[in-house]
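Comments concern the structure below.
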Amino acid sequence: MMNTTTTTTPEVSSPFFSYICDKYFYSSEWFTFTICTYITFQTVFWLYNIFLFYIGYNDISYFEKYRIQKHKPKLRFQPEIIHQMKNGIIKHQLSLIVSLPLLYYLLNYFGHVSVRTSIPSLFTILWQMIIFILSEDFLFFWTHYFFHTRWLYKHIHKKHHIFKQPTGVVFIIADPWELLLQNQLAVWIAPIFLKEKHLFTICLWIFIRVYQTINAHSGYDLPYISAQYYLPWLMSGTLQHDYHHQHAKMNYGSFLTLWDRFMSTHRLQKDD
Ligand SMILES: [Zn+2]
Ligand SMILES: [Zn+2]
């Protein structure tokens, strides 16, 4: 619910989000939540994608050795591709303006989002992230798996697969039904049903998920900057999802390789 209490002089010693809530956001928890989640998404989305666009468009030679589909010429930034990306970005930006203010009410429906309290302990943040990742990966895998059945692929999922060489922004280019079921539902189901969650944890979750999906679509297997680099057996990522776009099959998971291993759908480029 929107907080209508007015506090004119925020205490500097109060928790960070409580402080900014009073100082900048008219003491409205809903407004603080909306702006913080919006800034989190935009920061990771634009920083990572501008970096990918910069190295791709300017053919920065240092990164060529990390490009996954080196055997193919770059297709990424032809005018037609740029047009698709621009359209996708505009639609997605508009959907954010509508969905993020509503997300606050959705997260408060079965539980409660704390805005004014202190940031939770590292332990709490950690176990909540593990639950978010496990449930997201489970739902993402199975919805994605079914989106590859003949009828659903032809009518819904094919739109996401027009990019055989993906790049960061491709993750938002998809049919609205796919964005809703495979992406949004999978991301938010656990946070919605979790009884007590904090705005910081929600922002961190947005950061991790958006970073993970841009990285998976980046087209570059860059060292150090992904969980896959450190835990290649367990974590899915760029190598798997790039293969998925190239062949339009296999590697249906998002964070983990577990469901793909279980269903024998795990493949890497070198297995060709
Ligand atoms: Zn994809
Ligand atoms: Zn797919």
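First listed ligand is number 1; within each ligand, the first listed atom is number 1. Scope of the values below: all heavy atoms of this structure, side chains included, with no hydrogens, waters or symmetry mates. Given the structure is predicted, the values throughout are model-derived calculations rather than measurements.
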Please say whether the positively charged group of Lys65, taken as NZ for Lys or CZ for Arg, lies over the ring of Tyr62, i.e. under 6.0 angstrom from the six-membered ring centre and within 45 degrees of the axis. yes
Does NZ or CZ of Arg261 fall inside the cone over Trp233's six-membered ring, less than 6.0 Å from its centre and within 45° of the axis? yes
As a quick check of understanding, evaluate ring pair (Phe, Tyr, Trp, His ring centres under 6.0 Å) for Phe33 and Tyr104, giving each step before the final call. CA-CA 7 Å; Phe33 175 92; Tyr104 178 78; 5.3 Å; yes
What N/O/S atom of His217 is the closest to the Zn ion (ligand 1)? NE2
Between the side chains of Lys70 and Glu64, is the shortest nitrogen-to-carboxylate-oxygen separation below 4.0 Å, so that they form an ion pair? no
Between Asp22 and Arg116, does at least one N-O distance fall below 4.0 Å, as a salt bridge requires? yes
Verify, without hydrogens or angle tests, whether Lys197 (side chain) and Ile192 (backbone) share a donor-acceptor contact under 3.5 angstrom. yes
Which protein N, O or S atoms sit under 2.8 Å from the Zn ion (ligand 2)? His144 NE2, His148 NE2, His157 NE2, His161 NE2, His244 NE2
